[in-house]
Every structure is written in structure tokens, then in C-alpha cells.
Amino acid sequence: MKLWGGRFRKETDSLVNDFNSSIQFDGRMYREDIEGSMAHAAMLADCGIISREDRDRITAGLKSILADIEAGKIEFSADNEDIHMNVEVLLTERTGEAGKRLHTARSRNDQVAVDLRLYLRREIGEITGQILDLQQAILDQARGHQRTVMPGYTHLQRAQPISFAQHLLAYGEQLKRDVTRLQDCKKRMNVCPLGSGALAGTTYPIDRWRTAELLGFDAPCSNSLDGVSDRDYALELLSALSILMMHLSRFAEEVILWCSWEFKFIELDDACSTGSSIMPQKKNPDVAELVRGKTGRVYGHLMGLLTAMKGLPLAYNKDMQEDKEPVFDAVDTVKICLPVFAGMIATMRVLPENMRRAAGGGFINATDCADYLTKKGMPFRDAYTTVGNLVCYCTENGKLLEELSLEELQSISSLFGEDVYEALRLETCMEQRRSYGGPAVEETDRQIRELQAFIEEVRHG
Ligand code: ARG
């Protein structure tokens, strides 16, 4: 018979039974469910609501259930609907009367809310660690390429010279924000709904601060209706994960471009690429493509849960059982993407000659040419037009700016002198960009130092 079977005269229809059951996907919260129950039992005993003997029997029973689940000895049953009832039924089988007292002053509505917060809080910790690993891989590559000149792009058109380190470190910054977004999300998530009951709290003299403290929450949530209805924390996490995936997807897109024959800026390690079943020459960036593809799936989960929540009256509604699969799948997806992505970045081989060759075409020193004239006294807007004319002349004559003779240059402006050739060298152009945040080595040094400090701080701070 169902735990709630007392009010019913008929068995549940078997289709309805399967339809209603969530154990197939909420079973993964067994640890959190047991942890929450132990804290609840401890609080009930502290408040004199159950005896200490019952608390000890409950605690021992829950520990044995946990050990058996972890040893693979327990098969959950769909008849017991969800993880909460599965654990309670097992506990009652093992401890009798004591087990039957555990659900005093509690409902599955506050139980599921506390389990999910505990579960996601732990996952945030793991995902954060994985982001830091990716940042470390980025840093390690960046350290070796502070002087590797590559074309920086806008509109995917060659724009100005940067270093490969500078380009990589931009992703390091994006990931920093992802880490802090997750930290913010965890902070707001970290309030305890336990003791909200079904919706209206309880008549027992419970101590909600005690359970909050035992479970490592900052405080109990302030309103019992809100405690059982709120899924903002899951939505916030999905949104932080969507932004994270968007970053990975942009990075993935560049990796895909960079290892194409058209760019050939990098070569992926054999261990991180795949072949074709028909084309013997192929080496494909499947890891990057899958990360890009899986991004859509995480966005979809965010939209799915937002939509599931949008029309729900207070307080708990069964619709909310639909929160778990999207948020679990999003977490799982991010957790498989991050480590393979980090491995791919850590092992990719950078081809500086090809970057340098690409930087050589496309007039990416044109801004520097205009800046040269400006520093000699010409107003920037005039210098801009002058260099525009020079670029036009070069295109018509199949030359680069630095290939023009001094006579050719001076025929356009007498401000040009011998020193223009040094000013147009791409290494100079990059190295002179010393403004805060720029690609000059001293600036990438600073960015590298700061990112390393960030990683250490989050890891150990
Ligand atoms: N399994 C449910 C969920 O995931 C929790 C149980 C609350 N069910 C109920 N009928 N009050 O949301």
C-alpha cells in the first residue's frame, strides 16, 4: 500500500503510477535526502518532539540505507514514487515505529525543496572546480604565446595585431564571470526551506535555525509558502550555465575555425580529434562541435523550466516535479563539456608561423600607420583618409604598406620618414599597445598574474 494510501479505496492505475513517479530521475538525490532527514530528526529530538532513542534509531537506519545504496544493494521502486518515500519506506522496514515518526512536522514539499538545494549546491562546487581547470589550461597556453602575433578580428575580418595570449585571456575573463555568477547563485540558493511543511509551516515547536545550521545553510527561508514554491535557484543556475555554455560555444567555434585549413592556427591533439569513415585525410574537431551543439540543449532546459513555472499558483504544484530533469541534464552536460574542453585546450599545438603569416596580409597595421602620421602632427581624421588612400594604392599595386618605398610614401605625405618601417612592423604594433588591457607583453603579464591569483583565491580562499 502507498504511504498515502489511507484515503483511497482503489489501487493506483499502473499507467498513472508510472506517470506520477519520479524515482527514475530523483533517485540521484539519495544522499541529500538522507542528510536532510538526519538533520530533521536531530532537530525534532533537540526540540523534544521525538525521543533521543527514536532519533538514534532513525539516524542508524538512515546510515545503513545510505551504505546499502552506495554498495548497489538497493533497488528503488516506482510504487514508492520518489526518493523521499523510497527512503522513508526503507527506514520504516528497518526501524519500525521510529521510522514512522520521522515525517512529523515535515512534508515532501519542503523535503524536495531542501534536497534539490543541497544537490545543486554541491554541483555548483564541482562545476566551479572544472571551470578553474579550464582557466588553468588557458593560462598555461597563454604563458607560452605572449609574443605570438596573430590578427585580431572584427566582423571576422583582419583588424589589428594582437598576441595569441591576449586572445586566450579574453576567454579567461569570461570564465571568471561565470565563476562569480555561480557563486552569486549559490549564495541566494543557500537558504533552508525545511520546516515550511506542506505550505503553512507547522504547529510543532520546531527550530528552523537548527536544521538550517546543521545542513550548512545561511538561514531558514522566511516565508513557508515561498519556501516550497520557489525554484528561482534552479532557474538562476540554468541561466548561469547557459551563459557559461555560450562562452564555451564561442570558444569552440574559434577552435573549429583555427584548425581548418583556411586558418591552420592550431592543430588539435590526435587524442582530442576524430576521423572520417570515408575520407582518409580527415581530422575533425568533434569535441568543439559537440560543445557548440550541446549549448542549445542547455538553453532549451532554461526555457523549459521558465515555461513550466510561469503559470503556477502558490504554493506547491506537481508541475514542479518537472524541474529536476532539465536541471540535472544541464548540470551533467556542463560537467562533461568542461573537462574535455580543458583537455583539448591544454593539448592543442599552436602554429605561430601560420598566425604570423595571416597577420602579414590584410593591412592590420593600417591603424598604426595612421597613428604614426597623427603622432607627427597630422589630425587623426586626415591621417585616416591618407592611409585609406595608401591602402587603395597598395591593393591596386599588389603591395603591403611596409613594401612601399619612402618616395612612394612621401608622395602622399611628407611626414613619412625612415622610422615608419619600424612603426609598421607587426611586433612593434602589438608591443606598443600598452594601454591597460592591451596585448603588449607587460599587459598580458598582468592579466596572467591576475587570472592565476583568481584561480588560487577561488580554489583555496
Ligand atoms: N516528487 C515530488 C517532486 O519532485 C515531491 C513530492 C511532493 N508531492 C506531493 N504530492 N506533494 O516535486
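Positions are given from 1 along the sequence. This structure is a prediction, so every number in the text was calculated from the model and none was measured. Counting starts at 1 for both ligands and their atoms, in listed order.
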Given Arg108, Lys324, Glu81, Glu322, which one has a non-hydrogen atom that is nearest to atom 10 (N) of ligand 1?
Arg108
Can you check which of Val112, Leu116, Asp82 brings a heavy atom nearest to atom 6 (C) of ligand 1?
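Looking at heavy atoms only, Asp82 sits closest to atom 6 (C) of ligand 1.
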I'd like to check whether His84 has a polar contact with ligand 1, where a contact means an N/O of the residue lying under 3.5 Å from an N/O of the ligand.
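In this structure, His84 places no N or O atom under 3.5 Å from an N or O of ligand 1.
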Indicate yes or no: does an N/O atom of Lys318 lie under 3.5 Å from an N/O atom of ligand 1?
no
What's the spacing between Asp133 CG and Leu175 CG if we round to 0.5 Å?
11.5 Å
Which protein non-hydrogen atom lies closest to [atom], naming both residue and atom, and how far is it?
atom	value
atom 12 (O) of ligand 1	Tyr316 OH, 2.5 Å
atom 7 (C) of ligand 1	Asn109 OD1, 3.2 Å
atom 2 (C) of ligand 1	Gln321 OE1, 3.2 Å

Can you find a side-chain donor-acceptor pair between [X] and [Y] that sits under 3.5 Å?
X	Y	answer
Glu254	His167	yes
Gln447	Gln166	yes
His247	Arg250	no

Where does Gln111 meet ligand 1, judged by heavy-atom distances below 4.0 Å: at the side chain, the backbone, both, or neither?
neither
Atom indices of ligand 1, in the order listed, that fall short of 4.0 Å to a heavy atom of Ser22:
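Checking each atom against Ser22, I get 1 (N).
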Compare all side-chain heavy atoms of Val334 with those of Leu248 and state whether any distance is below 4.5 angstrom.
no
To check you understand the geometry: which heavy-atom pair defines the closest contact between Ile65 and Arg94, and what is its length?
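It is N-NH1, 3.5 Å.
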From the options His84, His103, Glu88, Glu81, select the one residue that forms a side chain to side chain donor-acceptor pair (under 3.5 Å) with Arg108.
Glu81
